[in-house]
Amino acid sequence: MSKRQGRHGRGGHDTPNSLDVFEAAPLEWRPRRVALGRMVLGAVAISVLLFLALPILVVVPMSFSSASTLQFPPPGLSLRWYAAFFTDQRWINDLWTSLGVALAASTLALLLGGSAAYGLVRGKFAGRLVLEANFILPIVIPSVITALALYLVFARIGLLGTLPALIIGHMVLGVPVVVLVMTVAFRGFDVRLEQVAFTLGASTRVMLLRVLLPNVLPSIGAAWIFAFITSFDEVIVTIFISGTYETVPKRMFNELVLQIDPTITAIASLLTGISILLLVVSALLMRSGERAKSERN
């Protein structure tokens, strides 16, 4: 039987042989494989998110427990541990310290990191990529190494254990976050608008205040929020350089070393809620910035 007869059979009609089936099968299996791959990827992603959220799902219910010790599930519901936090003057003082340090450190990080990001994006000089990597370095290396380096530097210049040292230490941790966010924002901003402003006679200050900053304002807000969260939740650097100054994360760490106080579950729930709220605000700011950018284009 000829090759043609083998493919078409007796009446000339197409009858699929093993070769035809082998060649057509991958095309039929491909959508199933893609769908299966998406299902597996979705299952893995959901599993990772649940694993990361598991401590929150345990701590938050325990913060409303009526028991005198840590119990899960809680035997009853009560706000006693939230009341214990807000009526303890030590915790309130630590909260004000954390807020003050975070506000100062995030603002300084925004000024320095934003300026550095603009110079890295618009600048044309040798070693720019190396300098950009240096700004990102505190995110990559462990916090304890940064804390030890800051400890040695502040001890040598006589700032160890002071409030300015604590603010500077938190600022060092916030600058890389600001540089990452603002670098993306400046690269997404059309440089021709700056050039047009200069062509029309605008000074550098006028261009920054009236052209550049208004267009990247959502990214500025998001960068400040990220730096604030980084400072407000920091504990390792604080333990190394704060001296007698107490922040909420530092006191939580010290309390856990001495005893297990259920008040910590209420504080942890509050900190988690504040962080999630700020992240939602930053996401909305970034979305509004993307929407404004698409409207300009």
Side-chain angles (χ1 to χ4, degrees), residues 48 51-56 58-59 90-91 93-113 116-117 130-181 183 223-261 263-265 267-272 274-276 278-279:
V48 172
F51 177 77
L52 295 176
L54 187 60
I56 299 176
V58 174
V59 171
R90 298 179 306 164
W91 285 111
N93 294 335
D94 298 340
L95 178 61
W96 284 115
T97 302
S98 296
L99 290 174
V101 171
L103 286 172
S106 57
T107 303
L108 291 175
L110 180 63
L111 294 175
L112 296 179
V130 176
L131 187 60
E132 183 176 354
N134 183 70
F135 275 106
I136 310 301
L137 197 60
I139 297 180
V140 180
I141 63 177
S143 298
V144 65
I145 297 179
T146 304
L148 181 59
L150 291 173
Y151 176 87
L152 296 176
V153 171
F154 291 145
R156 177 160 302 201
I157 64 178
L159 283 180
L160 187 62
T162 63
L163 189 60
L166 185 58
I167 294 174
I168 294 173
H170 285 204
M171 179 197 68
V172 170
L173 299 177
V175 166
V177 180
V178 175
V179 170
L180 283 176
V181 176
T183 297
W224 184 88
I225 289 175
F226 286 136
F228 181 88
I229 295 175
T230 301
S231 172
F232 193 76
D233 293 339
E234 178 56 39
V235 61
I236 298 178
V237 172
T238 305
I239 292 175
F240 270 76
I241 66 177
S242 63
T244 58
Y245 289 95
E246 294 279 349
T247 62
V248 172
K250 180 183 176 181
R251 183 173 290 278
M252 291 175 63
F253 181 83
N254 293 334
E255 291 289 335
L256 287 174
V257 172
L258 298 176
Q259 61 179 351
I260 300 179
D261 187 359
T263 307
I264 296 177
T265 60
I267 302 171
S269 300
L270 289 173
L271 294 180
T272 302
I274 293 173
S275 299
I276 292 175
L278 291 176
L279 290 176

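Being a predicted model, the structure only gives us computed values, none of them experimental.
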Heavy-atom pair with the smallest gap, counting every atom of I241 and A165: CD1-O, 3.4 Å
Gap between atom CD1 of I145 and atom CG of L148 - 0.5 Å precision: 8.5 Å
Closest non-hydrogen atom pair, A227 against A109: CB-CB, 4.3 Å
Derivation and outcome, side chain to side chain contact (heavy atoms under 4.5 Å, CB included), residues R251 and I267: CA-CA 11 Å; R251 183 173 290 278; I267 302 171; over 6 Å; no
Nearest heavy atoms of A223 and V178, plus distance in Å: O-CG2, 3.9 Å
Donor-acceptor contact below 3.5 Å, side chain K250 vs main chain D94: no
Donor-acceptor contact present, side-chain S98 to main-chain V248, <3.5 Å: yes
Smallest separation among heavy atoms of W224 and S106, with atom names: NE1-OG, 3.1 Å
Validation row: L150, F240 side chains within 4.5 angstrom (heavy atoms): no
Nearest non-hydrogen partners of V179 and G113, listed with the distance: CG2-O, 3.7 Å
CG on L166 to CG on L159, rounded to 0.5 Å: 11.5 Å
Close side-chain approach of H170 to T238, heavy-atom, < 4.5 Å: yes
Interatomic spacing from CD1 in I239 to CZ in F253 - rounded to 0.5 Å: 4.5 Å
T247: side-chain hydrogen bond (donor to acceptor under 3.5 Å, both in side chains) partners, not counting sequence neighbours: none
Distance (rounded to the nearest 0.5 Å) between I141 CD1 and T146 OG1: 3.5 Å
Test side-chain hydrogen bond (donor to acceptor under 3.5 Å, both in side chains) applied to R156 - qualifying residues, sequence neighbours left out: none
Side-chain touch V101/E234, heavy atoms, less than 4.5 angstrom: no
Close side-chain approach of I229 and V177, heavy atoms under 4.5 Å: no
Donor-acceptor contact below 3.5 Å, side chain T230 vs main chain F226: yes
Validation row: E246, N254 side chains within 4.5 angstrom (heavy atoms): yes
For I225 against L278, the heavy-atom pair lying closest together: CG2-O, 3.4 Å
L163 CG to I168 CD1 distance, which is reported to the nearest 0.5 Å: 10.0 Å
4.5 Å side-chain heavy-atom contact, F228 and L99: yes
Nearest-0.5 Å distance that lies between atom CG in L160 and atom OG in S242: 9.0 Å
